[in-house]
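Chain letters run A, B, ... following the sequence lines, proteins first, then strands; residues in each count from 1.
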There are 2 protein chains.
Amino acid sequence: MVISGRQGRKPRADVQRNRATLLETAQRHFLRHGVGTSLEAVAKEAGVGPGTLYRHFPTREALLAAVLQTRSEELVARQADIEQLGDPAEALEQWLRAMEEYFSAYSGLPEPLMAAARAQEPDSPLTIPCDILITATDQYVRAAQHAGHVRASVQGYDLFLAACSLAWIKGNGTDEESLGRLRALIASGYSERDAQA
Amino acid sequence: MVISGRQGRKPRADVQRNRATLLETAQRHFLRHGVGTSLEAVAKEAGVGPGTLYRHFPTREALLAAVLQTRSEELVARQADIEQLGDPAEALEQWLRAMEEYFSAYSGLPEPLMAAARAQEPDSPLTIPCDILITATDQYVRAAQHAGHVRASVQGYDLFLAACSLAWIKGNGTDEESLGRLRALIASGYSERDAQA
DNA sequence: ATTAAAACGGATGCTGCCTCCGTATGTCTT
DNA sequence: AAGACATACGGAGGCAGCATCCGTTTTAAT
C-alpha cells in the first residue's frame with residue numbers, strides 16, 4: 001500500500017495548461033455574462049471540449065469557487081489596509097464595503113454564496129470560503145462591539161447576510177442612490193446609539 | 001370601423017376555462033417548485049399544449065403577474081387590518097412584514113420583482129403592481145415620518161427594497177433567527193432615534 | 001346545418017447540461 | 001529512440017426546457 005501523498009508520476013503538462021486557460025476564460029465570461037453563463041461557451045472559447053471542462057470542475061460551483069479563489073487576493077489586500085486604521089467601527093464599515101464589492105463582481109454570485117453559507121455540511125465548494133468570510137466579519141464585529149460602537153445583539157453572520165443582500169440588489173440594477181441610502185440605513189441599524197469616539 | 005370596446009362575438013367558453021385551469025396549476029407549481037418551474041410541465045398538468053399556455057401568457061412574467069393578481073387580495077385584506085391600528089410606526093412595520101411574506105410565497109419571486117421595480121418603462125407585466133406597492137409603502141413611511149417615528153431621509157422605495165431582500169434571504173433557506181435579527185436591525189435603522197410614543 | 005373566426009396542441013428547432021468512451025497525448029522505461 | 005502505459009482529451013449523444021408555427025378542431029353565429 002502506497003502512502004497517498006507520494007506520486008509515482010509527474011503530472012501531465014496539458015492538465016495545468018488547460019486548467020489555467022479555463023479559469024481565465026471562465027472569469028471573463030462570468031464578468032461579462034454573469035455566473036449563469038453557458039459552460040459550453042466557456043469550454044469552446046477556451047479551446048477544449050465540454051468533457052475537459054467538467055473533468056477539471058465537476059460542477060458550476062466548483063468552477064466558480066476556483067475563479068473566486070484567484071480573486072480573493074483583493075480581499076486579503078484590503079484586509080491589510082483595514083487593519084491599518086485604528087478605529088474598529090470604521091474598520092467594520094470598510095470590511096463590509098469590501099465584501100459587498102467582492103460579491104458584486106459577477107452578477108448572480110450572491111445566490112450561490114447564500115446557498116453555501118447556510119449549509120452545515122460542506123456540500124458545496126463555496127462553503128469553506130464563505131465560512132472564512134463569516135468568521136472574519138465576526139471578528140470585526142466583536143472588535144467594534146468591544147469599543148462600544150456596535151450593538152451587542154449583532155452577529156457577524158447577520159452582516160454577512162446584509163452585505164450579500166446589498167450585492168444582490170446592486171446586481172439587479174438598482175441605482176447607486178437608493179443603494180447608498182439602504183447601506184446607511186443598515187449601518188445606522190447595527191450601530192450603538194450613544195456611541196462616542 | 002368598429003369601436004374597439006364593442007365585441008362582435010361572445011368569447012369562447014374554452015378560453016376562460018383554460019385560463020382558469022392554467023392559473024390554478026401554475027400557482028401550485030410555483031408554490032412547490034418556485035418561480036423557475038418548467039412551464040411545459042405546467043401546461044401538461046393543466047391538460048393543454050404548450051402553445052395554449054404561451055397564447056394566454058406570452059412570458060413567464062405574464063403568467064407570474066396573473067398568479068400574483070389572484071393572490072393580491074391577501075395584501076389588501078392586511079392593509080385593512082393595518083389601517084385599524086392608529087400607530088403609524090406599528091402600521092409601517094406590519095406593512096413591511098406583510099410585503100415580505102407576500103414576496104416569500106414562491107421561491108425565486110424577489111428576482112423578477114426587483115427587475116420590474118427598477119424599470120421605468122413598464123416593459124414587464126410586474127412593473128405596475130410593483131409601483132403600486134412602492135407607492136403604498138411610501139405612504140406608510142410618510143405617515144410615520146410625520147409622527148416623528150421614522151428618519152426623514154428614508155424613502156418608501158428603500159424599504160420596498162429591504163422587504164424584497166428579506167424575502168430573498170428567507171427564500172434561500174436562512175434560519176428564522178438570523179432573519180429576525182436582520183429584520184430588527186433594519187427596523188432600528190429607519191427609526192428615528194429619539195422617537196417617543 | 002353551415003360557415004368562419006378563434007383557439008387548440010403538438011411537432012419542431014434551438015440552446016444548454018452533463019456523460020461516456022474511443023482516441024490522442026504525454027511520461028516513463030529500457 | 002522507441003515502445004508501453006497511464007492519463008487526459010473531445011465531441012457525439014441523450015435529455016430537458018423554451019418558444020414558435022401551422023394544420024386541425026372547437027365554438028359561436030347565422
Side-chain angles (χ1 to χ4, degrees), chain A residues 2 4 6-26 28-30 32-66 106-108 111-112 123-125, chain B residues 1-2 4 6-26 28-30 32-66 106-108 111-112 115 123-125:
Chain A
V2 181
S4 60
R6 187 74 187 89
Q7 305 195 20
R9 203 179 251 251
K10 205 198 289 180
R12 284 173 55 156
D14 46 355
V15 167
Q16 218 171 2
R17 187 159 35 80
N18 280 330
R19 185 188 157 88
T21 313
L22 279 169
L23 278 176
E24 195 186 329
T25 311
R28 273 210 316 283
H29 277 244
F30 284 159
R32 208 183 300 277
H33 308 293
V35 162
T37 192
S38 157
L39 296 188
E40 276 193 341
V42 170
K44 187 182 295 185
E45 194 182 303
V48 304
T52 299
L53 191 157
Y54 284 102
R55 193 169 332 97
H56 280 278
F57 309 101
T59 68
R60 182 182 297 270
E61 286 203 333
L63 176 58
L64 186 55
Y106 315 107
S107 92
E111 285 85 345
D123 50 357
S124 153
Chain B
M1 184 179 181
V2 182
S4 60
R6 187 74 187 87
Q7 305 196 20
R9 201 181 251 251
K10 204 201 291 181
R12 285 173 53 155
D14 47 354
V15 166
Q16 219 170 358
R17 188 160 33 81
N18 280 332
R19 185 187 156 89
T21 312
L22 279 169
L23 277 177
E24 194 187 330
T25 311
R28 272 209 317 282
H29 277 244
F30 283 160
R32 208 182 300 277
H33 309 292
V35 162
T37 192
S38 156
L39 295 188
E40 276 193 341
V42 170
K44 185 181 295 184
E45 194 181 304
V48 305
T52 300
L53 190 158
Y54 283 102
R55 193 170 333 98
H56 281 279
F57 309 102
T59 67
R60 183 183 297 270
E61 286 204 334
L63 176 57
L64 186 55
Y106 315 108
S107 92
E111 285 85 345
D123 49 357
S124 152

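For the pair A:H29 NE2 and C:dG16 C1', the computed distance is 14 Å after rounding to whole Å. Put simply, CD on B:Q16 is 14 Å from C1' on C:dA7, counting in whole angstrom units. The CG-P distance, from A:N18 to C:dT25, rounds to 13 Å in whole Å. If you take CZ of A:R17 and C1' of D:dA8, they are 11 Å apart, rounded to a whole angstrom. In this structure, A:D14 atom CG and D:dA8 atom P are separated by 8 Å, rounded to whole Å. When rounded to the nearest whole Å, the span between OH of A:Y54 and P of D:dG13 equals 18 Å. In this structure, CZ of A:R55 is placed 12 Å from C1' of C:dT25, rounded to the nearest angstrom. Atom CZ of A:R19 and atom P of C:dG26 are 19 Å apart (whole Å).
Within residues 32-43 of chain B, the residues that have a heavy atom under 4.0 Å from DNA chain D are, in order of number, B:T37, B:S38, B:L39, B:E40.
A side-chain N or O of B:S124 and one of B:E61 form a donor-acceptor pair less than 3.5 Å apart.
Proximity of A:V48 to A:H56: side-chain heavy atoms (C-beta onward) are nowhere separated by under 4.5 Å. Looking at A:T37 and A:Y106, their side chains never come closer than 4.5 Å, going by heavy atoms from C-beta outward. The side-chain heavy atoms of B:F30 and B:L63, taken from C-beta on, include a pair separated by under 4.5 Å.
In this structure, A:H56 does not reach the D:dA8 phosphate: none of its side-chain N or O atoms is under 4.0 Å from OP1 or OP2. Distances shown here put a side-chain N or O of B:T52 below 4.0 Å from the OP1 or OP2 atom of C:dG9.
In this structure, CG in A:L22 is found 5.0 Å from CG in A:L53, a value given to the nearest 0.5 Å. One distance of note links OG1 of B:T21 with CG of B:D14; it measures 10.5 Å at 0.5 Å rounding.
Of the candidate nucleotides C:dA6, C:dT19, D:dT20, C:dA6 has the atom lying nearest to any side-chain atom of B:R12. With D:dC18, C:dG10, D:dC5 as the candidates, the nucleotide lying closest to the side chain of A:R9 is D:dC5.
Of the possible polar contacts, one joining the A:R60 side chain to the A:V35 backbone as a donor-acceptor pair under 3.5 Å is found.
Counting non-hydrogen atoms under 4.0 angstrom, A:P58 reaches nothing in the nucleic acid.
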